[in-house]
Amino acid sequence: MSNILYQTLDEEKVFKDPVHRYVHVKDQLIWELINTPEFQRLRRIRQLGTTFITFHGAEHSRFNHSLGVYEIMRRIVEQVMDSLQWEQRDRLLCLSAALLHDVGHGPFSHSFEKVFDTDHEEWTQAIVTGETEINRVLRKASPDFPQKVSEVIAKTHENKFIISLISSQIDADRMDYLLRDAYYTGVNYGNFDMERILRVMRPHEDYAVIKYSGMHAVEDYIMSRYQMYWQVYFHPVTRSSEVILRKIFQRATELFHSGYSFKDTPTLLMPVIEQDIDLDAYLQLDESIILYYFQVWKNENDPILSDLCERFMNRKLFKYIEYHPSEQMTLWKELVECFEELGLDTDYYLEIDSSSDLPYDFYRPGEDGERIPIYLQMPDGKLAELSTQSDIVEAITGKKRTDHKLYFALDLILEKEQDLKYRETVAKIKTLLDIT
Ligand code: ZN
């Protein structure tokens, strides 16, 4: 039997996809990767974490997105194969890395990682190179193939061009998630003309460049990304649900360390809570497991854990106000004092959340991380960095925007108002938070 790199399916498999219409699979290797338990697990992990609490359509999974990134990559590779004289091995390296780039994501990734100090990129490496079905399939290509795929995802592979197709400022990952997240949230911001961008992309040494005639399509892409971050990804209501989610994990961990006995031991979560998690235990986790425990914990004896779970499951979120750390240092202190007077735990019911984004930047020497700029190929064949040609992009280049918000459980504060002895403190909090 020939090597899996050269095996094709008797009949091409076609997945119906609302964003790209169809996802085409004809390689045996890709088909086998999709059918591994580790890849199928991505069906049970939402692409946008708790965003569905704000935009109810955002129920799409990492599985959808990963297939989408694969499909965009398949189309890019088809275009560049001949000009780069690629072999089948390079082609499948690209496609496998695109398909598997997010395979290490855990349930509610960002909140989960913050509290339990895990890293989805490290888990992706572990899944690709460890004892998994994915690893077994990749090894059919060659013993070092899993390592090569892992290097592309980790951005350490020697072929910088391949890396740039998966992670740069214009890559298959971003193009898919912007279009997909816009589609599923129902917003208009994320749309841009991907077909046009793919048509004007040209390989150039270590990265892909864009033909000058495609500049406006790229401007539109950069603006889409900018708007999606502020309108969708950093939506204050979503962040409120993330704060609660983090507080639940934090409370469960604290209870465990204080010797609390859960009514029903959260067996599948114990390895993370005890900070002693191996690959098998990690792969057991998905969002249905987490939501199951939240449902169970609503009935726990600990009032804070039970209240936080009730909030998350029934969307009783924290309220928020704008917060300016440099000007409002005393506000925080005064609030903490008032909360303590009311007997409200500030570790769980008061929180500052900060989000920041840098929409686009050119390479600045001496900075951490190499940021590959987007280059335009000018009519004379020379390259020009995008912000030198586009006024719109120049306006947001290098501008990091940060937003801080103060989250609090307003309902618990107002409940205390009924009690005469707390009335004054509640009035003070209302003034501090500017609540009428
Ligand atoms: Zn991704």
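Ligands are counted one by one from 1 in listed order, and the atoms in each one are counted from 1 as well. Worth saying up front: this structure is predicted, and the values here are computed from it rather than measured.
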Problem set entry | Donor-acceptor pair between Gln47 and His60 side chains, under 3.5 angstrom | no

For this session: Establish, yes or no, whether a centroid distance under 6.0 Å links the rings of Phe108 and Phe112.
Result: no

Seminar exercise, completed: By side-chain contact (heavy atoms from CB on, under 4.5 Å), Arg89 pairs with (sequence neighbours left out) Leu5, Ser142, Asp144, Phe145, Lys148

For this session: Could I get the full list of side-chain contact (heavy atoms from CB on, under 4.5 Å) partners for Asn299, not counting sequence neighbours?
Result: Lys263

Exercise. Around the Zn ion (ligand 1), how many protein N/O/S atoms fall inside 2.8 Å?
Worked result: 4

For this session: State plainly whether the residues Glu242 and Lys114 are in salt-bridge range, i.e. N to O under 4.0 Å.
Result: no

Exercise. Quick one: ring pair (Phe, Tyr, Trp, His ring centres under 6.0 Å) partners of Phe262, sequence neighbours excluded?
Worked result: Tyr260, Trp297

